[in-house]
Student: 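The following block contains the structure, expressed as structure tokens.
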Amino acid sequence: MTAGYIFSKVCARGGLNVFTATEYPSLIRGGHNIYHVRVEERELTSPIVLVDLLVALNKETIDLHKGELTHGGAIVYDEGTKLGEGEVRPDVLLYPIPLQKYAREIGEANVMMNSVALGASVALVDYDFDLLARVMRETFGGKKGEEIADANTKAARAGYDYIREHFKPTFGHRLRRVEALRRMLINGNEAMAIAAIRAGCKFFTAYPMTPISSLLQYMAANGRAYNIVVKQPEDEISVINTAAGASFAGARSMVATSGGGFSLMVEALGMIGGAEVPLVILEGQRPGPSTGMPTWTEQGDLKFVLSASQGEFPRVVIAPGDPAECFHTTMDAFNIADKYQLPVILVSDKYLAESARTMVPFDERGVGIERGAIATEDVLAATKDYRRYRPTDSGVSLRSLPGQRGGEHVATGEEHDEYGNLEEDAENRRRQMDKRMRKLEYVARELPEPKVYGAGDSDITIVGWGSTKGPILEAMRYLEADGIRARFLHLVYLSPFPAAKVAQVLDSSRASFMVENNKTAQMAGVIREYTGRKVQHNILKYDGRPFYPHEIYDAVRRTIHGH
Amino acid sequence: MVTKETFDTKLSPHWCPGCGDYGAWRATKMALASLGLEPHQVLIVSGIGNAGKMPHWVRTYGFHGLHGRPLPVAQGAKLANHELTVLVVGGDGDGYGEGMSHFIHACRRNSDMTYMILNNGVYALTTGQVSPTSEKGFVSKSTPEGSPETPINPLVLAIAAGATFVARGYTGKTEHLAKLIVEGVRHRGFAFLDVFQPCVVFNKVNTYKWYNERVYTLGKEYDPTDRARAFQKAYEWGDRIPLGVIYREEGKPTMEDETPQIAKGPLVRQPLKGIDIKPLMEQLL
């Protein structure tokens, strides 16, 4: 996995665009692991299936992936691996090199093999070895890592030289450095973590779970530098209740989990809805039901997230589509949670959370912090009769924080009166319920409308939400090359649902396609519920893998052209 | 000058007449007054059950959350603003049933707060089912043939889990209970109080009379700092049942001590403007 990261970073440093995708089983070590790196000069938004250069550290990798190789593609593998007659297509170039031998000579065989192969790969694509050496030094270096970095660089050099000395430069794919903006190599988790830090998140709790563990680790690693309390409580029930306590006390708070952990949080979700406590919750989806396929991707939790917990309370649900959107929507999430005193759920998935890609640093202009109606002691002193849950036009009431004189009240998820006292009177119930739900009318007014990409005047519409954005955008390029002009309606702010815009776009579509990473076209159902409109065709994928652009392209083309 | 009345609310509790919760309520207000605390400095967190309604009837800040979950809420609030005096109140179903794992983890974290369980050995809000502290053989609506289970010993559990102040009170001895609460609040670290609280409606075994015949108050001769003796004392049950501080350990760092992010002041007072994320983005270049 580290080797794939280093290769990506080396490409990014050379001004190239990179999109990476990882596949790994739910094992600590071993099993079949893939790090797929796609490199081009233009901006990339999606992984693809095809492989030009396959680095196979074992025979199994060749068996599983030789079918993905392009014409004239190549395999780098250990010279000790024997390939039978006709086992690989004749157009595929073979580069058997002494991976194991060099690795054993330099250090720990299994680890060093990666570095030998990295050097060989850089030689094959005629790229910059010095850049590789520099990135290796950064990755392995540091005080303790000097020796490790030296050994790995040596191993890479051996692989690099071996290719140069033993093979003619027949491999058709070359990489060259280009002058370009400096770009980050960043995934969805990192983008959300950086946004949370920027937004003034002061309290972060999570229980480890794929695919959000790296977000927990990122926050923990930066907790000291940014004075953020980062804790890993005993379970997800404690995760959300602890964060609810911190938020109630006045700290901007966030939790992260996946579907299984979110299931445990559901009761507290309703509690904070009823008690009107702000909280940002990340639900990084992976395939269910239950433990499902823990290290793979899916968009199967949409309806669950939209309706989780008993009873009715206001919530906002946001599903960003790429790391830049992860950054901006996470900033938004903190502001919305504070301004409207409600839970905001960010929805990502394994694919978005863990796929790193190149992006220019985030634009912080226009990014601000809005904490909403929080009282000061002066205001409380001037308020004779402070009522925490006083109904207002917007439904938002002045929030006092524990420690503030004159703001004493009880926050509770049980039905209460304006002061927070338990109250089950019918009229009071209606008043408090209306007050809470009224907040959504105001939230809806400030949420951005869904964006329409591509040919806005086209009557062919592809609808997607969250992380399918990248593959859909790339599929549109393929379609356009094929003479099919399509537009793409991308849903990011999902609840409150942007019904008017969706209805307007669908009403002006001759053909519409719903693209979703799930079995039952959940978003198509939601659209039907809120707009009465039916998206005509569903393009669904639920095998744990993200969409590849050609799958969307094929499905749309077949429908439009009938073949 | 704060008095017990400072903590009165406009509403009066609606527990059953004779309920042990009244004693705990009075003791809580007496303790807060004698500590000289003002209402805004105190946060009472509770779960669901009759005991969980306490915050509504003591004028302080309150958080009345979910069944079994007050401890996580309290720990989050304490980390966010460690200047608050945090009291957590729950019942035996709340704390020893639904919320047991939070109890054990809170003990080992030594979070600086006082956790009071009003233990009546029965589920009373749901009108009379067996509880984790019901005695073996206890006949209830959900155990008509008697409970087959051995009750939990909360004191032993708390000592084993790392709580640094473990005590037992009795709502029939309000002033003694108030003193225990005061000691618990003054203790730096996790102070746990298991409080006998007779339920006059649904527990016909552990009545005021039953307790009055058995309880005695630990005297000066008992040394609560000896962990091995504390375990022995915590097991004492039957004809004589001890009240008072069973175990005390001073000087162990609290969860808040172990959180350097709040060493210079409460989290809630840290400025949010101008947080510079450029170094984070540069790391990814």
Side-chain angles (χ1 to χ4, degrees), chain A residues 12-13 182-186 190 194 197-200 202-203 205 222-224 226-229 231 233-235 237-253 267-268 271 275 361-362 364 369 371 401-414 420-422, chain B residues 9-11 38-46 48 53 55-56 59-81 83-84 99 101-102 104-105 259-262 264 266-273 275-285:
Chain A
R13 284 286 175 80
R182 294 179 77 203
R183 295 195 189 84
M184 305 181 286
L185 183 63
I186 189 168
E190 288 160 339
I194 291 173
I197 292 169
R198 176 69 177 76
K202 285 282 135 198
F203 196 86
T205 46
N222 290 289
R224 281 300 291 280
Y226 286 93
N227 252 14
I228 301 164
V229 172
K231 296 280 179 190
E234 57 271 26
D235 54 37
I237 295 173
S238 188
V239 164
I240 188 168
N241 279 283
T242 306
S247 179
F248 167 69
R252 279 201 148 180
S253 304
E267 190 187 19
M271 173 189 79
F362 302 131
E364 295 179 65
I369 292 175
R371 296 226 55 192
L401 304 179
Q404 289 180 328
R405 189 187 295 273
E408 298 86 356
H409 69 274
V410 181
T412 179
E414 269 193 70
N421 299 319
L422 300 183
Chain B
T9 57
K10 287 176 191 152
L11 307 172
E38 295 187 63
H40 68 279
Q41 299 172 313
V42 180
L43 170 63
I44 302 181
V45 183
S46 70
I48 298 298
K53 295 184 175 170
H56 293 282
R59 190 166 71 87
T60 59
Y61 277 91
F63 193 102
H64 180 197
L66 297 173
H67 189 53
R69 316 302 173 196
L71 278 171
V73 171
Q75 289 167 76
K78 183 74 184 181
L79 280 167
N81 186 353
E83 289 178 355
L84 295 170
S101 85
H102 306 311
I104 289 166
H105 290 283
T259 307
Q261 287 88 338
I262 59 174
K264 285 184 188 154
L267 211 51
V268 290
R269 283 212 291 274
Q270 292 180 15
L272 306 187
K273 294 271 184 255
I275 295 172
D276 184 13
I277 53 166
K278 296 238 161 26
L280 297 176
M281 294 200 282
E282 268 160 29
Q283 277 171 15
L284 299 169
L285 288 170

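Numbered from 1 within each chain, the chains take letters A, B, ... in sequence-line order. Below, each value reflects all heavy atoms present in this structure, side chains not excepted, and no hydrogens, waters or symmetry copies.
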Student: With the side chain counted from C-beta on, respond yes when B:S46 and A:V410 share a heavy-atom pair under 4.5 Å apart, and no when they do not.
Tutor: no
Student: Could you measure the distance from the CZ atom of B:R69 to the CG atom of A:N241? Nearest 0.5 Å is fine.
Tutor: 7.0 Å
Student: Are B:K10 and A:N421 packed together at the side-chain level, in the sense that at least one heavy-atom pair is separated by less than 4.5 angstrom?
Tutor: no
Student: Please identify, among A:G223, A:A246, A:A243, A:G406, the residue contributing the most non-hydrogen atom pairs under 4.5 Å to chain B.
Tutor: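 Among A:G223, A:A246, A:A243, A:G406, the one with the most close pairs to chain B is A:A246.
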Student: Which atoms of B:I44 come close to chain A, meaning under 4.5 Å heavy atom to heavy atom: side chain ones, backbone ones, both, or neither?
Tutor: neither
Student: Taking every non-hydrogen pair under 4.5 Å, which of B:E38, B:Q75, B:K264, B:R59 racks up the most with chain A?
Tutor: B:E38
Student: Of the backbone (N, CA, C, O) and the side chain (C-beta and beyond), which part of B:L11 lies under 4.5 Å from a heavy atom of chain A, both, or neither?
Tutor: side chain
Student: Can you tell which part of B:E83 gets under 4.5 Å to a heavy atom of chain A, answering side chain, backbone, both or neither?
Tutor: neither
Student: Salt bridge (charged side-chain N to carboxylate O under 4.0 Å, His left out) with A:R13: which residues, sequence neighbours excluded?
Tutor: A:E138
Student: With a 4.5 angstrom heavy-atom cut-off, is it the side chain or the backbone of A:L401 that approaches chain B, or both, or neither?
Tutor: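 Backbone only.
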Student: Enter the distance from B:L79:CG to A:K202:NZ here, rounded to the nearest 0.5 Å.
Tutor: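 Rounded to the nearest 0.5 Å, the CG-NZ separation comes out at 13.5 Å.
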Student: Side chain, backbone, both or neither: which part of B:I277 has a heavy atom under 4.5 Å from chain A?
Tutor: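 Contact with chain A involves both backbone and side-chain atoms of B:I277.
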Student: Measuring only between side-chain heavy atoms, which start at C-beta, is A:E408 closer than 4.5 Å to B:T60?
Tutor: no
Student: Could you grab the distance from atom NZ of B:K53 to atom CD of A:E414, nearest 0.5 Å is fine?
Tutor: 6.0 Å
Student: I'd like to check B:F63 versus A:M271 (side-chain heavy atoms, cut-off strictly below 4.5 Å). Are they in contact?
Tutor: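 Contact flag for B:F63/A:M271 side chains = yes.
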Student: Would a 4.5 Å heavy-atom cut-off, applied to side chains only, mark A:R371 and B:L272 as touching?
Tutor: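 Yes. Closest side-chain heavy atoms under 4.5 Å.
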Student: If you define the side chain from C-beta out and look only at heavy atoms, does anything of B:H102 sit under 4.5 Å from A:D235?
Tutor: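 Side-chain contact under 4.5 Å: yes.
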Student: Using non-hydrogen atoms and a 4.5 Å limit, figure out which bit of A:A268 sits close to chain B: side chain, backbone, both or neither.
Tutor: both
Student: Quick check on A:R183 against chain B: is it the side chain, the backbone, both or neither that has a heavy atom closer than 4.5 Å?
Tutor: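 Just the backbone, heavy atoms under 4.5 Å.
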Student: Looking at A:E234, A:K231, A:R182, A:M184, which makes the most heavy-atom pairs under 4.5 Å with chain B?
Tutor: A:E234
Student: How many angstroms lie between OH in A:Y226 and CG in B:L280, if you round to the nearest 0.5 Å?
Tutor: 3.5 Å
Student: At a 4.5 Å cut-off on heavy atoms, which part of B:I48 comes close to chain A: side chain, backbone, both, or neither?
Tutor: side chain
Student: Show the numbers, then the answer: is there a side chain to side chain contact (heavy atoms under 4.5 Å, CB included) between B:M281 and A:I186?
Tutor: CA-CA 9 Å; B:M281 294 200 282; A:I186 189 168; over 6 Å; no
Student: Report the option among B:Q270, B:Q41, B:K273 that has the most heavy-atom pairs separated by less than 4.5 Å from atoms of chain A.
Tutor: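 Option with the top pair count is B:Q270.
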Student: Between chain A and each of B:V45, B:N81, B:L84, count heavy-atom pairs under 4.5 Å; write down the option with the most.
Tutor: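 Most pairs with chain A among the choices: B:L84.
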Student: Between A:R224 and B:P260, is there a side-chain heavy-atom distance shorter than 4.5 Å?
Tutor: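 A side-chain contact under 4.5 Å exists here.
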Student: Taking all heavy atoms of B:L285 and all of A:P361, pick out the closest pair and write down the distance.
Tutor: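 Here B:L285 and A:P361 meet closest at CD2-CG, 4.1 Å.
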Student: Quick check on the interface: out of B:I104, B:I275, B:L43, B:L66, who has the most heavy-atom pairs with chain A under 4.5 Å?
Tutor: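 Most pairs with chain A among the choices: B:L66.
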Student: Flag the one option from A:H409, A:R198, A:R405, A:E267 with the top tally of heavy-atom pairs under 4.5 Å to chain B.
Tutor: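 The answer is A:R405.
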Student: Go through the atoms of B:E282 and report whether side chain, backbone, both or neither lie under 4.5 Å from a heavy atom of chain A.
Tutor: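 Neither the backbone nor the side chain of B:E282 comes within 4.5 Å of chain A.
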Student: Kindly compute the distance separating CD (B:Q283) from CD (A:E190), expressed to the nearest 0.5 Å.
Tutor: 9.5 Å
Student: Given 3.5 Å as the limit, does a donor-acceptor pair link the side chain of B:Y61 with the main chain of A:A411, or not?
Tutor: no
Student: To the nearest 0.5 Å, how far apart are CG in A:N227 and CG in B:L267?
Tutor: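 Between A:N227 CG and B:L267 CG, I get 7.5 Å after rounding to 0.5 Å.
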Student: With a 4.5 Å heavy-atom cut-off, do A:I194 and B:L284 have their side chains touching?
Tutor: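 In contact.
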